[in-house]
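Quantities reported herein were computed from a predicted structural model and do not represent experimental measurements.
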Amino acid sequence: MKGYHYIKRGIDIILSGMAIVILSPLLLFLCIAIKLDTPGPILFKQKRVGIHRSFFQIYKFRTMRIDTPKDVPTHMLENPEQYITKVGKFLRKTSLDELPQIFNIFKGEMSIVGPRPALWNQDDLVAEREKYGANDVTPGLTGWAQINGRDELEIPDKARLDGEYVKHLGPWMDLKCFLGTIGSVLMHNGVVEGGTGELNKEEEETEAHKSETAQSSAKKETIAKDTEEREKGRRKKKILITGSGSYVGTSVEAWLRQWPEYYQVDTLDMRTQTWRTHDFSAYDVVYHVAGIAHADVGQVTEEEKKQYYRVNTDLAVETAEKAKKEGVQQFLFMSSMIVYSGCREKKITENTIPKPLNFYGDSKWQADQKIQALADERFKVVVLRPPMIYGKGSKGNYPQLAKLAGKLPLFPIVHNQRSMLYIENLAQFVKRMIDNEETGVFFPQNEQYINTSDLVQMIAVVKGHRLVMAPATGWIIRLMKKIPGKIGTLTGKAFGDSVYDMQMSEYKEEYRVCDWKESVRRTEG
């Protein structure tokens, strides 16, 4: 952007000047803390490379002992932790050690945003930056490389990212770097004392992933063992899934087919009237999944609304009545958390009375009640009211979030909680219902609530996409929620709070085959 460097310099002077005044109490407090912690000067001054390879003295709060070798990057020190002071460890973790650089910014030696200034003797970094023209811009307090790896980056990667910053230099790039820095500081991302590469981090992540995978495998082994013990001496159960081709039905069918000696699973197309002549008497269990979901409730005609009731209510009830009449022992019905959509409570408890917000939720709620009324000693009814279901190939809000996670350069940090249910966890829960010949209303969900920002960040990691998490954007979300129509509705769904009390979802036997992080790896991997 032509002339932007003049605007950028003006912003630097105004913001750094304001920061010096506003932060003066904090600066004074930190000066005292450093002085009381260890002997030595308060400020650490070091020769750095400025614009056009000129040199200047950078200011930092001292975080290391005075006997630390000079002009040696932290990652090149042997056991750098031994040199860092107690106050210094806190300052580094919170990046408060960089605060005195607001004086460098005010003097014009640095900018708020730009490539981090290299040490005077870091010839390798300076040479790499020269390839991208990154030495010809004013170095910054934070930059594009800072929020995309910081101390973990190898020299060529750091220089390449600095080159990307120079290539896209402008107000939007500076704003992304500024917001991303706040997010990185809040989450303590990228601070690795004694290392500039990803090796240590990758090893830790690999070990953590191995641990999670081992736990998941242990769960699956326990579940398999439970099944084997339970099924000894029991005849094979015949199960009919009414609603062929549905995501849930297909997934549960595939799950149960892992144990062909225990389950025979058939599916039935409910889109024509041929189901009425199908013989249900040969089955022990009917699992009804046919229905219409994910409605754009603001763009539906009266005739389309009637269709929701015909499919979600009438078809479901008629199927249950046929199953009961023909001697089926157990009927499983897929209701939904949508039946609580009109409730004011953010956390649904066992005392919360369902209150649908629209015709979609009401069509499910009508069927829910009528099917429950059919239950008796010889006809066991299981009503499942799961939250949002997701997994590989799922539909609805999850794939929309996954698409955004793979494309957006930044995403807001929002502190919300949502109940969700991974498809394999649901499938195992259905299996438990069948094995134990249950009856009643159930609320399966993952063992942890999911935060939308954490979910999107995890998806981006699995996809290998660099995504900057931007804090202090809650006001944007609140504004978007008030926009009438689809934007406001989707924003509310994605960033609102909607959870079941976790106690409602506990069951006497384990059904969660993996946690939410592993479920994202399985979904996106």
Side-chain angles (χ1 to χ4, degrees), residues 248 288 291 293-294 297 312-313 316 331-375 380-390 396-398 414-433 436 438-455 474 477-478 481 489-516 519:
V248 169
H288 186 76
H294 308 302
V297 296
N312 289 349
T313 306
F331 187 86
L332 278 68
F333 171 63
M334 284 295 292
S335 185
S336 170
M337 193 180 189
I338 195 71
V339 301
Y340 296 101
S341 57
C343 298
R344 292 184 177 181
E345 297 97 320
K346 292 182 179 180
K347 176 180 282 189
I348 304 301
T349 70
E350 58 183 8
N351 297 320
T352 305
I353 300 172
K355 181 182 178 182
L357 181 64
N358 52 54
F359 62 89
Y360 167 45
D362 187 58
S363 67
K364 281 288 188 182
W365 175 226
Q366 294 297 327
D368 189 317
Q369 297 175 90
K370 291 176 181 179
I371 291 172
Q372 283 189 67
L374 296 173
K380 297 179 178 179
V381 171
V382 170
V383 172
L384 303 177
R385 295 179 189 164
M388 185 175 80
I389 298 168
Y390 67 100
N397 294 327
Y398 176 87
V414 178
H415 303 289
N416 70 326
Q417 288 184 323
R418 298 195 68 84
S419 288
M420 293 178 65
L421 180 61
Y422 177 53
I423 187 63
E424 290 185 6
N425 292 343
L426 168 63
Q428 180 61 21
F429 190 83
V430 169
K431 182 178 179 299
R432 292 297 196 204
M433 297 294 99
N436 296 325
E438 289 284 6
T439 186
V441 181
F442 297 88
F443 310 86
Q445 65 175 321
N446 289 348
E447 61 187 348
Q448 293 174 303
Y449 298 137
I450 295 180
N451 170 267
T452 301
S453 300
D454 290 342
L455 175 62
I477 302 302
R478 289 192 293 272
K481 285 181 181 179
T489 301
L490 290 177
T491 303
K493 286 182 179 180
F495 297 104
D497 290 291
S498 179
V499 299
Y500 279 132
D501 184 344
M502 198 59 73
Q503 291 183 349
M504 297 168 64
S505 304
E506 295 306 316
Y507 188 62
K508 60 187 177 184
E509 295 174 358
E510 182 59 71
Y511 66 89
R512 290 127 170 178
V513 298
C514 65
D515 63 18
W516 76 269
S519 73

Separation between CD of Q417 and CG of D454, rounded to the nearest 0.5 Å
10.5 Å
Test of understanding: with side-chain hydrogen bond (donor to acceptor under 3.5 Å, both in side chains), list the residues that count as partners of N312, not counting sequence neighbours.
S363
Starting at CG of N425, measure out to OH of Y390 and round the result to the nearest 0.5 Å.
7.0 Å
Main-chain N/O of Q445 paired to Y511 side chain as donor or acceptor, under 3.5 Å:
yes
For the side chain of N358 and the backbone of G361, is there at least one donor-acceptor N/O pair under 3.5 Å apart?
yes
Quick one: are F331 and I371 in side-chain contact, heavy atoms under 4.5 Å?
yes
Identify the heavy atoms of P387 and P444 that sit nearest to each other, and give their distance.
CD-O, 3.1 Å
Looking at K508 and E438, is any side-chain nitrogen of the basic one under 4.0 Å from a carboxylate oxygen of the acidic one?
yes
Please name the pair of heavy atoms, one in K364 and one in F333, separated by the smallest distance, quoted to 0.1 Å.
O-CE2, 4.2 Å
Are the side chain of N416 and the backbone of T452 linked by a donor-acceptor contact shorter than 3.5 Å?
yes
Side chain to side chain donor-acceptor pair (under 3.5 Å) between D497 and Y449, intermediate numbers included:
CA-CA 10 Å; D497 290 291; Y449 298 137; over 6 Å; no
Between the side chains of S498 and Y340, is a donor N or O closer than 3.5 angstrom to an acceptor N or O?
no
Is there a donor-acceptor contact under 3.5 Å from the side chain of K347 to the main chain of M502?
no
Got a second to check how far D362's CG is from D368's CG, nearest 0.5 Å?
11.0 Å
Heavy-atom closest pair (Y500 atom, S505 atom, distance to 0.1 Å) is CB-OG, 4.4 Å
Can you tell me how far apart OG (S419) and CE (M504) are? Round to the nearest 0.5 Å.
9.0 Å
I389 side, atom CD1; N397 side, atom CG - distance, nearest 0.5 Å
12.5 Å
The criterion is side chain to side chain contact (heavy atoms under 4.5 Å, CB included); which residues satisfy it with S336, sequence neighbours excluded?
I338
dist R385:CZ -> W365:CH2 (nearest 0.5 Å) comes out at 5.0 Å
Would you check if W516 and M420 make a side-chain contact, meaning some heavy-atom pair closer than 4.5 Å?
no
Check whether S335 reaches the backbone of V383 with its side chain - one donor and one acceptor, N or O, closer than 3.5 Å.
no
Shortest non-hydrogen contact from N446 to L421?
OD1-CA, 3.5 Å
Is there a side-chain contact between D501 and E350 in this structure, where contact means two heavy atoms from C-beta onward sitting under 4.5 Å apart?
no
Sequence neighbours excluded, the answer for side-chain hydrogen bond (donor to acceptor under 3.5 Å, both in side chains) partners of E506 is R512
Is it true that a side-chain atom of T439 and a backbone atom of V382 form a donor plus acceptor pair closer than 3.5 Å?
no
Is the side chain of N451 donor-acceptor paired with the backbone N or O of V414 at a distance under 3.5 Å, no angle test?
yes
